[in-house]
There are 4 protein chains.
Amino acid sequence: MPTTPNPLRRNEASRRAILDAALRLCAENGYGRLTIEAIAAGAGVSKKTIYRWWPSKGAVVLDAVDDLASTVADHPYTGDLAADLRTQMAAVIALLTPASTSAVVGLIAEALHDDALGDDLRERLVRPRIDAFNRRMHQAQRDGQLAADADLDVAVDLVYGPLYHRLVFHLGMPNAEQLHTLVAHALRAFVPAPQDNDANAPPTS
Amino acid sequence: MPTTPNPLRRNEASRRAILDAALRLCAENGYGRLTIEAIAAGAGVSKKTIYRWWPSKGAVVLDAVDDLASTVADHPYTGDLAADLRTQMAAVIALLTPASTSAVVGLIAEALHDDALGDDLRERLVRPRIDAFNRRMHQAQRDGQLAADADLDVAVDLVYGPLYHRLVFHLGMPNAEQLHTLVAHALRAFVPAPQDNDANAPPTS
Amino acid sequence: MPTTPNPLRRNEASRRAILDAALRLCAENGYGRLTIEAIAAGAGVSKKTIYRWWPSKGAVVLDAVDDLASTVADHPYTGDLAADLRTQMAAVIALLTPASTSAVVGLIAEALHDDALGDDLRERLVRPRIDAFNRRMHQAQRDGQLAADADLDVAVDLVYGPLYHRLVFHLGMPNAEQLHTLVAHALRAFVPAPQDNDANAPPTS
Amino acid sequence: MPTTPNPLRRNEASRRAILDAALRLCAENGYGRLTIEAIAAGAGVSKKTIYRWWPSKGAVVLDAVDDLASTVADHPYTGDLAADLRTQMAAVIALLTPASTSAVVGLIAEALHDDALGDDLRERLVRPRIDAFNRRMHQAQRDGQLAADADLDVAVDLVYGPLYHRLVFHLGMPNAEQLHTLVAHALRAFVPAPQDNDANAPPTS
DNA sequence: AGTTAACCGAGACGGTACGTCAAGTCTTAAA
DNA sequence: TTTAAGACTTGACGTACCGTCTCGGTTAACT
């Protein structure tokens, strides 16, 4: 008696309908009003089918977001580190806005109560993007845009932290100008010294 | 005909019992398992009394945390900015740890779905502390520890952001050493240039 | 410390307002939706004032109905017993119709659960009217319209019973013709024998 | 999309437990103290299950009484009409006594406020018994015990009315002797005239 | 190709908590 | 001292979802 169902017999149509319904209903009514019952009804699927394959509402949404987000929010590489970061961060901000109907924000909220979901969220959604960020930063270091001896371990926190600080305390997502300022200041921790005050300004070209 | 009850007639003993029960039960079972019913039972109070004075579970906990947190997590002033920040941030980290039983984390999670609660959380809990942080930073600026022309508007995001980035993605709160590194890097954006690697040490004067 | 309030200090204006509000609200929304709170609000009186003077909602309504009904539904005396009974019964039917907004029907329903109210209802409202009925019947006996040896003890049950049978089982109150038939048949038990089949018909004059 | 649940899937064990608990609790504490919560708890069933199948407490009790009463209070046929009626009415009286714990009395009280319940009560409980009574009366008519031209339409009101008159006004149910008198007088409306005082005795044939 | 075990939809079920309502008690301030 | 106002405890209301379960039916893997 297998405790986990046989994935070979899984109905792909049901799976897709469930993930689609989850995202759609989340966008329509907000993550807070999203329920397993509504997902089942919206997908034309029985609750049992959802519980067979996912342990919780959060896990469903995580799968749905994972599908969705695998291509968005990649790190571009134009050579201008600050600009590239701003581009990528703008995509992240789009995923978090508006908070009330953002599936990602819903996942974040639920993960704060649910360690298992939090771990999944970190490993499946966040970790790959942190790795990508780090690769981009090391590339910039090799390019000479960052100090050769910069401690990049804290970079991700300094660069992305402000977004989540503002998110959790309803301080408003930064607009383009504020984003510019934030990135500039964050990168200042890693640029070669001595430097002038405008080292991270966008190229004037 | 006032839609809000007359605060003059409010029973202070009930109010205190409710707030105490909310914090106690949150610490015992976690914010996620906290219910209005349990608070009422734990406080020896009727549900009606809770609903009369607060619109939601989050509002109760916000009041409770507000009472509690009004004295903790003040900004010390020893003259060593980085050390003072680390001290204060350690207090903040204590309020957020462990996440599963932290009332503040619970509020943060709920505020992500509930804009009204989020606004209250910001105005009542966070704004005063941001102001205190800013006062401390401007003091440091006047003390010559920060660049005279530093743009301190982004400072709070750079300093505290990493904490919330780590919180929401289950990356673990920084230990003492990591906190040291984080603060040092964050402040680097505001210190006078050029600088050496120990720019954040307390003034030797 | 008197357990009963001093009736001398009773506020007559409040008493009237309460009884009037009770009847008005009962007529408007039905006895089932009548509440002490609504009566208090409708009378501009505090709940405490109601509870001070009456033990229950039913007692309030009983007082109100008692005031109201003391003059209606008297027994006329035209000499035609059957006609007189029909006249009086039509007044009773008016008090019971429509059942959903009739204060008397509400009292009857509540008295079925509440023995104290039931006893009050019987003694204050019903008993005097039974006595009046019996006086009317004995008068008819003296007038020679009923058998001299008729057992009038069961008369009230036979005459009025059909009304309450129909009331409690939603069989519809009798219309004028049905009322005629009912009274005629009921009185047949008390008329002198031998008799013909139309002895109780109304006088043809 | 049916608004009523599919009766085929109904759990018969739950249904029985609910009806049994309703009758038991009504007998123990009285209809007035009977609650849906208590029925659910007493039946080991969730409230939702009750609300799924019945619209109100009264509907539950009506079902329970319907089950119970389908065999009691049938009309016997010994040939002696008055005796048969007394037998059957004694069974009815037993169902109504004591009023405070009688499910039927509770239903009657509730039906006075609730037209839908009242209609159900009439159609499901009362109408079949009225029909049975009428059949018995017509049989007696064919047997020559009632006048061939008697208007039996009012018979049920005359015979049973006294019971409900006495019930609603707390006048006490008739004892055996009073019942004898009541039935005798009621039937006098339908016997052939002239008659003697023992007209309701069984035929001597 | 037929058997059979699993998935599937549907949705009833026992629960827990919700937010509301009214009952009846108690406190305060004004008259 | 009574009253209006209204806060309070209590307890039931009817609803919403939860996560589990059983029911036929279909489907897909293995005889």
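Numbered from 1 within each chain, the chains take letters A, B, ... in sequence-line order. Fair warning: this is a prediction, and the values are worked out from it, not measured in the lab.
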Next item on the list: Give one of base, sugar-phosphate or nothing for D:W53, where a contact means two heavy atoms less than 4.0 Å apart.
Entry: sugar-phosphate

Checklist line | Rounded distance (nearest 0.5 Å) linking atom CG of D:L23 with atom CD1 of D:I18 | finding: 12.5 Å

Notebook entry, point to check: For the atom pair CZ (A:R33) and CG (A:L25), what is the distance rounded to the nearest 0.5 Å?
Noted result: 12.0 Å

Write down the distance between [atom1] ([X]) and [atom2] ([N]), rounded to a whole number of angstrom.
{"X": "C:I39", "N": "E:dA22", "atom1": "CD1", "atom2": "C1'", "result": "12 Å"}
{"X": "B:R52", "N": "F:dC8", "atom1": "CZ", "atom2": "C1'", "result": "6 Å"}
{"X": "C:K48", "N": "E:dA23", "atom1": "NZ", "atom2": "P", "result": "16 Å"}
{"X": "C:D114", "N": "E:dG24", "atom1": "CG", "atom2": "P", "result": "10 Å"}
{"X": "B:E12", "N": "F:dC8", "atom1": "CD", "atom2": "P", "result": "11 Å"}
{"X": "A:I36", "N": "F:dC17", "atom1": "CD1", "atom2": "C1'", "result": "10 Å"}
{"X": "A:N29", "N": "F:dC17", "atom1": "CG", "atom2": "P", "result": "10 Å"}
{"X": "D:I50", "N": "F:dA12", "atom1": "CD1", "atom2": "P", "result": "13 Å"}

Notebook entry, point to check: Just checking, B:R10 and B:W54: is the charged tip under 6.0 Å from the six-membered ring centre and within 45° of the axis?
Noted result: yes

Checklist line | Closest-nucleotide ordering on DNA chain F, the 5'-leading residue of A:S56 and B:S46 | finding: B:S46

Check: On DNA chain F, nearest-nucleotide positions of A:K57 versus B:S14: which is more 5'?
Finding: B:S14

Check: Quick one: is E:dA5 close enough that its OP1 or OP2 comes under 4.0 Å of any side-chain N or O from A:R9?
Finding: no

Next item on the list: Look at B:T49 and F:dA7 and indicate whether a side-chain polar atom (N or O) is within less than 4.0 Å of OP1 or OP2.
Entry: no

Next item on the list: Decide yes or no, distance alone: a donor-acceptor N/O pair under 3.5 angstrom between the base of F:dG14 and the side-chain of D:K47.
Entry: yes

Margin query: I want to verify a distance call: between E:dA10, F:dT3, F:dA12, whose nearest atom is closest to the D:E37 side chain?
Written below: F:dA12

Item checked: Donor-acceptor contact present, side-chain B:K57 to main-chain B:Y31, <3.5 Å -> yes

Item checked: N-O pairing of D:D20 and D:R24 below 4.0 Å -> no

Note to self: Both B:Y51 and A:R10 contact DNA chain E. Which one's nearest nucleotide lies toward the 5' end?
What the structure shows: A:R10

